[in-house]
Amino acid sequence: MTEDKDSGDAILERQILAAKRKRAAIVARGSLLDFIRFIRPHPEFPDDTDQSAFEVTPVARLLCEVMEKVERGELLRACVSIPPQHGKSDVISRAFPAWAAGRNPHKHLMLGTYSQDFAEDFGGEVRNIINSSEFAQVFPHFGLRKGEKAKDTLVTTKGGKLNFLGRGGAGTGKPADTFLVDDPIKDDAEAQSPTIRKQVWGWFNKVAFSRIHKFSPVVIVHTRWHEDDLIGRLVDPSHPDHDKSIAKKWTYLNVPAVV
């Protein structure tokens, strides 16, 4: 009798966990933060969706709220300055492209960063998320075209594309319904170079605004290494070339360091 009871309790527990997982997957379709928690199961409790390896911080909540507004088309121009090691890329450059593609597999997204190698690292990580069993539970009808293993371009079965390019890349023939820029300048050493800062500005204007359309959101996120960096040129009123007509189009968030 005791063995039957123990067996019945185990079955019931598995059924409860399965029901919770199904509900969590449905919630994750509409919530970026819940999506990130879902695709990062806790190593000690992989079947319990109440547990997650992802630490939910105030910064993570803020970035998820921003990117959800971007995905809904409520925020078309956003700049976020944030210190290193605050999880910006986990949210914006890894989880968001996968989540956005799952929700709208026919749309095109482009992400630019300081080098092609780093861009392809992002592309590979996004591909890994999409190929995970957790992603398949959230978006069961989503798929990537078979046989394509490139890290710089991911093509969905609905024709949508996720493109990842380094600074200087032209992105020729690659449209963008959403354009993301994550760390166009690698570090402080690069930021001190007037030549590199000029290249970043020229690349952003040439590539971003030749790939997007009227309703394409553009998001820029990076650490502020220099007053003449990309965010500085766009929205900083102390910049010598500050243009109020440009700055007023952008929503600017400055995230302080959390120690």
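What you see below is based on every heavy atom in this structure, not just the backbone, and it leaves out hydrogens, waters and symmetry mates. All figures in this text were calculated on a predicted structure; none of them were measured in a lab.
Both Val218 and Val200 sit in one connected hydrophobic cluster of ILVMFWY residues. Membership requires side-chain heavy atoms under 4.5 Å apart, directly or through other members. Cluster annotation: Phe96 and Leu162 are assigned to the same hydrophobic cluster (Ile/Leu/Val/Met/Phe/Trp/Tyr, side-chain heavy-atom contacts under 4.5 Å, transitive). Linking ILVMFWY side-chain heavy atoms closer than 4.5 Å, directly or via other members, places Ile246 and Val80 in two distinct hydrophobic clusters. Note on Leu180 and Ile185: separate hydrophobic clusters, where clusters join Ile, Leu, Val, Met, Phe, Trp and Tyr whose side-chain heavy atoms are under 4.5 Å apart, directly or indirectly. Clustering ILVMFWY residues whenever any of their side-chain heavy atoms sit less than 4.5 angstrom apart, transitively, puts Leu144 in the very cluster that holds Phe164.
A donor and an acceptor atom, one from each side chain of Ser93 and Asp182, are located under 3.5 Å apart. There is a side-chain donor-acceptor pair under 3.5 Å between Asp243 and Ser245. Between Thr153 and Asn163, the side chains place a donor N or O and an acceptor N or O closer than 3.5 Å (distance only, hydrogens not considered).
A distance of 8.5 Å separates CZ in Arg167 from OG in Ser115, rounded to the nearest 0.5 Å. Between atom CZ of residue Arg145 and atom NZ of residue Lys158 there is a gap of 11.5 Å, rounded to the nearest 0.5 Å. A distance of 11.5 Å separates OG in Ser81 from NZ in Lys88, rounded to the nearest 0.5 Å. Rounding to the nearest 0.5 Å gives a distance of 7.0 Å between CD1 of Ile11 and CD of Gln15. The structure places CD1 of Ile212 at 14.5 Å from NE2 of His108, a figure rounded to the nearest 0.5 Å. Here the OG1 atom belonging to Thr223 is positioned 10.5 Å from the CG atom belonging to Asp188, to the nearest 0.5 angstrom.
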Margin query: Walk me through whether Lys151 and Asp121 qualify under salt bridge (charged side-chain N to carboxylate O under 4.0 Å, His left out).
Written below: CA-CA 7 Å; Lys151 294 181 179 180; Asp121 285 345; 5.4 Å; no
Next item on the list: With side-chain contact (heavy atoms from CB on, under 4.5 Å) as the test, would you mind laying out the steps for Trp201 and Leu230 before giving the verdict?
Entry: CA-CA 6 Å; Trp201 181 245; Leu230 187 53; 3.6 Å; yes
Next item on the list: Could you go through the side-chain contact (heavy atoms from CB on, under 4.5 Å) check for Lys161 and Thr156 one step at a time?
Entry: CA-CA 6 Å; Lys161 294 181 180 179; Thr156 77; over 6 Å; no
Next item on the list: Check the pair Ile231 / Asp236 against side-chain contact (heavy atoms from CB on, under 4.5 Å), numbers first and verdict last.
Entry: CA-CA 7 Å; Ile231 290 177; Asp236 192 341; over 6 Å; no
Next item on the list: Take His86 and Leu63 through the side-chain contact (heavy atoms from CB on, under 4.5 Å) test and state the conclusion after the steps.
Entry: CA-CA 10 Å; His86 277 56; Leu63 294 178; over 6 Å; no
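Residue Lys198 qualifies as open at atom NZ: its count of foreign heavy atoms under 6.0 Å is 12 or below.
If you chain together ILVMFWY residues whose side-chain heavy atoms come under 4.5 Å of each other, Ile26 ends up in a group of its own.
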Would you mind writing out the side-chain donor-acceptor pairs for residues 130-143 within the sub-3.5 Å range, not counting sequence neighbours?
from	atom 1	to	atom 2	distance (Å)
Asn131	ND2	Arg127	O	3.4
Ser132	OG	Ile129	O	2.6
Ser132	OG	Phe135	N	3.1
Gln137	OE1	Arg21	NH1	3.1

Pairs under 3.5 angstrom only: tabulate donor-acceptor contacts from the side chains of residues 68-76 to other protein residues two or more places apart or in another chain.
from	atom 1	to	atom 2	distance (Å)
Glu68	OE2	Leu32	N	2.9
Glu71	OE1	Arg103	NE	3.3
Glu71	OE1	Arg103	NH2	3.3
Glu71	OE2	Arg103	NE	3.0
Glu71	OE2	Asn104	ND2	2.8
Arg72	NE	Glu74	OE2	2.9
Arg72	NH2	Glu74	OE1	3.3

Per-pair distances, 0.1 Å, donor-acceptor, side chain in residues 36-44, under 3.5 Å, sequence neighbours excluded:
from	atom 1	to	atom 2	distance (Å)
Arg37	NH2	Asp50	O	3.0
His42	ND1	Glu44	N	3.0

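Counting heavy atoms from C-beta outward, Cys64 and Val91 have side chains that approach closer than 4.5 Å. Annotation: side chain of Ser216 is in contact with side chain of His213 (closest heavy-atom distance under 4.5 Å). Looking at Met110 and Leu165, their side chains come closer than 4.5 Å, going by heavy atoms from C-beta outward. Within the 4.5 Å cutoff, no side-chain heavy atoms of Glu227 are placed close to those of Ser238.
Every residue two or more places apart in sequence or in another chain that forms a ring pair (Phe, Tyr, Trp, His ring centres under 6.0 Å) with Phe118 is listed here: Tyr114, Phe122.
Between Phe35 and Trp99, the ring planes lie tilted relative to each other; the angle falls in the 30° to 60° range.
Taking every heavy atom of both residues into account, Leu154 and Ala150 meet most closely at CD1-O, 3.9 Å. Contact detail for Gly169 and Val207: the closest heavy-atom pair is O-CG2, 3.3 Å.
The residues Asp34 and Arg29 are annotated as not salt-bridged, no charged nitrogen and carboxylate oxygen being separated by less than 4.0 angstrom. The pair Arg14-Asp47 does not meet the salt-bridge criterion, since no charged nitrogen lies less than 4.0 angstrom from a carboxylate oxygen. Salt-bridge check for Asp229 with Arg224: passed, with a basic side-chain N closer than 4.0 Å to an acidic carboxylate O.
Remark: side-chain polar atoms of Ser31 are not paired, donor with acceptor, to backbone N or O of Val27 under 3.5 angstrom.
Screening residues 221-257 for ring pair (Phe, Tyr, Trp, His ring centres under 6.0 Å) gives no qualifying pairs among residues at least two apart or on separate chains.
Between Phe204 and Phe209, a ring centre-to-centre spacing shorter than 6.0 Å is recorded.
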